[in-house]
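Everything on this sheet refers to the single structure shown next.
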Amino acid sequence: MSEIIRVERTKNFTVMSNHHFKNKNLSLKAKGLLSLMLSLPDDWNYNMKGLATLSKDGIDSVRTAMKELENQGYVEKDRSRNEAGCYQGTVYTVREVPRGEENS
């Protein structure tokens, strides 16, 4: 039997669904990225470069994990454009549970 040493959860902790941890279609990298994203403030800007600065993984590694999360429905991205049709940035919607599985 293994021993797990836990800390008292009175500050600096995150509560999230276990859904993505139990999803066998996600790599450990994607599970970790989603967990990290869910631990960030709601108004945090989820761009690839910013996420890459939060770990030793490079931007390409973050990009592949993000693509995995998109394919599984945990992340949706919307590329915003101005009135002239020029690219302004990407808005990410991060879900604890994929769209359509909220009540499962």
Side-chain angles (χ1 to χ4, degrees):
M1 186 161 140
S2 300
E3 181 179 7
I4 299 174
I5 300 170
R6 300 187 187 267
V7 298
E8 185 178 349
R9 288 173 210 81
T10 57
K11 62 181 177 182
N12 200 23
F13 69 96
T14 302
V15 176
M16 67 183 78
S17 170
N18 285 328
H19 188 280
H20 64 290
F21 292 121
K22 297 182 189 286
N23 185 337
K24 292 181 180 178
N25 294 316
L26 288 178
S27 68
L28 289 174
K29 178 171 66 173
K31 291 175 184 187
L33 179 60
L34 182 58
S35 298
L36 174 65
M37 292 167 69
L38 292 171
S39 77
L40 296 169
D42 290 343
D43 61 348
W44 204 80
N45 183 1
Y46 295 98
N47 63 60
M48 296 297 116
K49 189 174 181 181
L51 289 168
T53 65
L54 300 176
S55 75
K56 73 176 196 170
D57 287 314
I59 195 165
D60 290 337
S61 179
V62 171
R63 189 174 286 117
T64 60
M66 184 70 82
K67 184 54 99 179
E68 203 176 324
L69 293 171
E70 287 176 53
N71 289 339
Q72 291 293 312
Y74 291 94
V75 173
E76 294 176 11
K77 69 180 180 182
D78 181 36
R79 297 176 192 259
S80 62
R81 300 191 179 275
N82 63 19
E83 297 80 29
C86 297
Y87 174 72
Q88 281 187 264
T90 304
V91 176
Y92 290 92
T93 302
V94 181
R95 300 176 179 282
E96 286 189 65
V97 177
R99 180 187 290 270
E101 294 186 35
E102 297 91 353
N103 298 319
S104 299

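We're numbering straight along the sequence, starting at 1.
- Every side-chain contact (heavy atoms from CB on, under 4.5 Å) that Asn18 has, sequence neighbours left out, goes to Phe21, Lys22.
- A donor-acceptor pair under 3.5 Å is formed between the side chain of Thr64 and the backbone N or O of Ser61.
- Remark: Arg99 engages Glu76 in a salt bridge (charged side-chain N to carboxylate O under 4.0 Å, His left out) (not counting sequence neighbours).
- Nearest heavy-atom pair across Gly58 and Ala52 is C-CB, 4.1 Å.
- Lys77 is linked by a salt bridge (charged side-chain N to carboxylate O under 4.0 Å, His left out) to Glu70, counting only residues two or more places apart in sequence or in another chain.
- For Arg63, the salt bridge (charged side-chain N to carboxylate O under 4.0 Å, His left out) partners two or more places apart in sequence, or in a different chain, are Asp60.
- A search for ring pair (Phe, Tyr, Trp, His ring centres under 6.0 Å) contacts involving Tyr46 returns Trp44, not counting sequence neighbours.
- Annotation: side chain of Val94 is in contact with side chain of Leu38 (closest heavy-atom distance under 4.5 Å).
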Notebook entry, point to check: Where do Leu33 and Asp57 land on the side-chain contact (heavy atoms from CB on, under 4.5 Å) test, with the steps shown first?
Noted result: CA-CA 10 Å; Leu33 179 60; Asp57 287 314; over 6 Å; no
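- Summarising the geometry, atom NZ belonging to Lys24 is positioned 9.0 Å from atom NZ belonging to Lys31; distances are rounded to the nearest 0.5 Å.
- Partners of Ser35 according to the side-chain hydrogen bond (donor to acceptor under 3.5 Å, both in side chains) rule, which considers only residues two or more places apart in sequence or in another chain, are His20.
- For residues 2-14, the set of pairs meeting the side-chain hydrogen bond (donor to acceptor under 3.5 Å, both in side chains) definition, not counting sequence neighbours, is empty.
- Residues satisfying the side-chain contact (heavy atoms from CB on, under 4.5 Å) test with Gln72, not counting sequence neighbours, are Asn23, Asn25, Leu26, Tyr74.
- With a 4.5 Å cut-off between side-chain heavy atoms of Ile, Leu, Val, Met, Phe, Trp and Tyr, the cluster of Val91 takes in none.
- Between the CG atom of Leu34 and the CD atom of Glu96 there is a distance of 8.0 Å, given to the nearest 0.5 Å.
- Val97 and Leu69 are not part of a single hydrophobic cluster, where members link through side-chain heavy atoms under 4.5 Å apart.
- In this view, Asp78 satisfies the side-chain contact (heavy atoms from CB on, under 4.5 Å) rule with no residue, not counting sequence neighbours.
- The distance from atom CG of Leu51 to atom OH of Tyr92, rounded to the nearest 0.5 Å, is 8.0 Å.
- With sequence neighbours left out, Ser80 forms a side-chain hydrogen bond (donor to acceptor under 3.5 Å, both in side chains) with no residue at all.
- Leu54 places none of its side-chain heavy atoms less than 4.5 Å from the side chain of Val62.
- Residues that satisfy the side-chain hydrogen bond (donor to acceptor under 3.5 Å, both in side chains) test with Ser27, not counting sequence neighbours, are Glu68.
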